[in-house]
Student: 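Before we start, here is the structure in question, set down as structure tokens.
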Amino acid sequence: MPELPEVETIRAGLEPHLIDRTFERVEIVDPRLTRPHDPREVAAELEGETVVAVERRGKYLVLRFETGRVLLIHLRMTGSFRLLRVADDDDPYRRAVVRLDNGSDVVYRDVRRFGTWLLLEPDELDPYLATRLGEEPLGRALTARSLADRLARRRAPLKAVVLDQRVFAGVGNIYADEALWWARLHPLRPACELTPEELQNLVRGIRRSLRLGIARQGATLRDYSNADGAAGGMQAEFRVYGRDGEPCFRCGHAIEKTRAGGRGTWYCPGCQN
DNA sequence: CTTTTTCCCTGGACGC
DNA sequence: TGCGTCCAGGGAAAAA
């Protein structure tokens with residue numbers, strides 16, 4: 001499930017192959033991908049566009065074109081890219097194929113078909129993201145102080161708030177659990193009750209887990225791999241995610257699983273308070 | 001305003 | 001082996 005570190009790894013892998021390349025031919029195989037827009041129209045609009053930047057915002061991939069238009073891609077659960085000399089027509093999970101002007105194919109795959117491609121005009125990107133995303137957790141704008149204001153009225157479990165993209169853009173279920181372990185914070189604590197010191201720990205924990213994820217090129221559980229097909233290594237670094245019953249690396253207490261924010265949540269009852 | 005619930009999808013795990 | 005059931009989860013939308 002691509003979260004910020006996985007999307008960043010994919011972005012970095014795609015960038016050198018896409019910069020200055022023109023979309024020569026675009027085929028949208030799965031009409032769900034561009035919903036509610038007509039896939040044929042989107043494909044036609046994309047043909048002839050030249051990529052000038054490959055960026056990431058939260059869990060979104062942002063392909064910027066010379067015309068100022070933007071292709072905003074969200075991989076959701078199982079979306080992935082594969083750079084191939086020639087696309088494999090037999091691949092049942094192939095949802096879109098872009099033929100570049102150098103003859104190579106960029107294949108978009110997605111088992112569960114939750115991913116989305118949205119073509120936006122130059123002035124549409126900022127308003128679209130503004131209502132959905134908060135600060136980049138690895139950016140300078142996110143501080144314990146700014147968090148205090150944002151969380152003041154949030155009585156929901158801390159885990160649910162950490163998953164809120166308007167608070168921490170790009171943090172998903174894996175890195176939320178890992179961040180709370182690093183921060184020694186219990187996932188069911190009401191978010192508004194954190195002390196300034198705990199907020200500082202939360203910011204540090206989130207940054208630590210995300211940076212570790214990027215350094216390990218993301219976590220590969222089942223579907224995820226980067227654009228070259230390589231798996232990530234973050235799964236070997238998990239402190240709590242998926243480890244129920246196993247001992248905490250910090251205090252030895254058995255890791256427990258619960259539910260928070262509608263998501264499976266792993267934590268250590270011994271040292272997360 | 002915040003919070004919760006439902007839905008979208010598929011494949012893998014598990015019980016019988 | 002072959003069913004049926006549950007689970008995984010990001011985010012949109014509706015409901016509370």
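Note that this is a predicted model, so its numbers are computed, not measured. Numbers restart at 1 for each chain; the letters A, B, ... are given by sequence-line order, proteins then strands.
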Student: Given atom CZ of A:Arg259 and atom P of B:dT5, what is their separation to the nearest angstrom?
Tutor: 11 Å
Student: Quick check for you: among B:dT10, B:dT3, C:dG9, whose closest atom lies nearest to any side-chain atom of A:Ala156?
Tutor: B:dT3
Student: Quick one: the side chain of A:Arg112 and the base of C:dA8, do they pair up donor-acceptor inside 3.5 Å?
Tutor: yes
Student: Looking at A:Glu24 and A:Gly103, would you say the former's side chain and the latter's main chain have a donor-acceptor pair under 3.5 Å?
Tutor: no
Student: It should be established whether A:Arg113 places a side-chain nitrogen or oxygen under 4.0 Å from OP1 or OP2 of nucleotide B:dT10.
Tutor: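 Answer yes for this pair, as a side-chain N or O of A:Arg113 is under 4.0 Å from OP1 or OP2.
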Student: Under 4.0 Å: is that the gap between some side-chain N or O of A:His74 and OP1 or OP2 of C:dG11?
Tutor: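 Result: yes.
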Student: Measure the distance from CG on A:Leu61 to C1' on C:dG11 and round it to the nearest whole Å.
Tutor: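 In whole Å, C:dG11 C1' lies 16 Å from A:Leu61 CG.
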Student: Take atom CZ of A:Arg150 and atom P of B:dT3, then tell me their distance rounded to the nearest Å.
Tutor: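 So the two atoms are 12 Å apart, to the nearest Å.
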Student: Roughly how many Å is it from CD1 in A:Ile174 to P in C:dG9, rounded to a whole number?
Tutor: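 These atoms are roughly 8 Å apart.
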Student: Taking atom types as they are modelled, is there a donor-acceptor pair under 3.5 Å from the base of C:dG10 to the side chain of A:Arg263?
Tutor: yes
Student: Counting side-chain heavy atoms from C-beta on, which of B:dT4, C:dA12, C:dG10 comes nearest to A:Asn173?
Tutor: C:dG10
Student: Of all the choices, B:dG11, C:dG10, B:dT3, which nucleotide is nearest to the side chain of A:Arg154 once you look at every atom?
Tutor: B:dT3
Student: Flag the pair A:Glu3 and A:Lys59 as a salt bridge only when some basic side-chain nitrogen lies within less than 4.0 angstrom of an acidic carboxylate oxygen.
Tutor: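 No salt bridge links A:Glu3 with A:Lys59.
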Student: Over how many whole Å does the gap from A:Tyr241 atom OH to C:dG9 atom P extend?
Tutor: 4 Å
Student: OP1 or OP2 of C:dG11 versus the side-chain N and O atoms of A:Arg35: is any pair under 4.0 Å?
Tutor: no
Student: Strictly below 4.0 Å: does A:Arg166 bring a side-chain N or O up to OP1 or OP2 of C:dG11?
Tutor: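 It does not, given that no N or O in the side chain of A:Arg166 lies less than 4.0 Å from OP1 or OP2 of C:dG11.
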Student: With sequence neighbours left out, write down each residue that passes ring pair (Phe, Tyr, Trp, His ring centres under 6.0 Å) with A:Phe114, or none if nothing qualifies.
Tutor: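 Residues passing ring pair (Phe, Tyr, Trp, His ring centres under 6.0 Å) with A:Phe114: none at all.
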Student: A:Tyr93 side chain: which of B:dC8, C:dG11, B:dG11 is closest?
Tutor: B:dG11
Student: Heavy atoms only, 4.0 Å cut-off, all strands: where does A:Gly262 land among base, sugar-phosphate and nothing?
Tutor: nothing
Student: May I ask you to evaluate whether A:Lys159 reaches the phosphate of C:dG9, defined as a side-chain N or O under 4.0 Å from OP1 or OP2?
Tutor: no
Student: May I have the distance from A:Gln165 (atom CD) to C:dG9 (atom P), rounded to whole angstrom?
Tutor: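 A:Gln165 atom CD is separated from C:dG9 atom P by 14 Å.
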Student: Is there a donor-acceptor contact under 3.5 Å from the side chain of A:Arg95 to the main chain of A:Asp110?
Tutor: yes
Student: How close or far is atom C1' of C:dG9 from atom CG of A:Asp110, stated in whole angstroms?
Tutor: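 Rounding to the nearest Å, CG of A:Asp110 and C1' of C:dG9 are 12 Å apart.
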Student: Quickly work out the A:Phe114 CZ to C:dC7 P distance and round it to whole Å.
Tutor: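 Distance, rounded to whole Å: 16 Å.
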Student: Where do A:Tyr93 and A:Ser80 land on the side chain to side chain contact (heavy atoms under 4.5 Å, CB included) test, with the steps shown first?
Tutor: CA-CA 10 Å; A:Tyr93 305 122; A:Ser80 68; over 6 Å; no
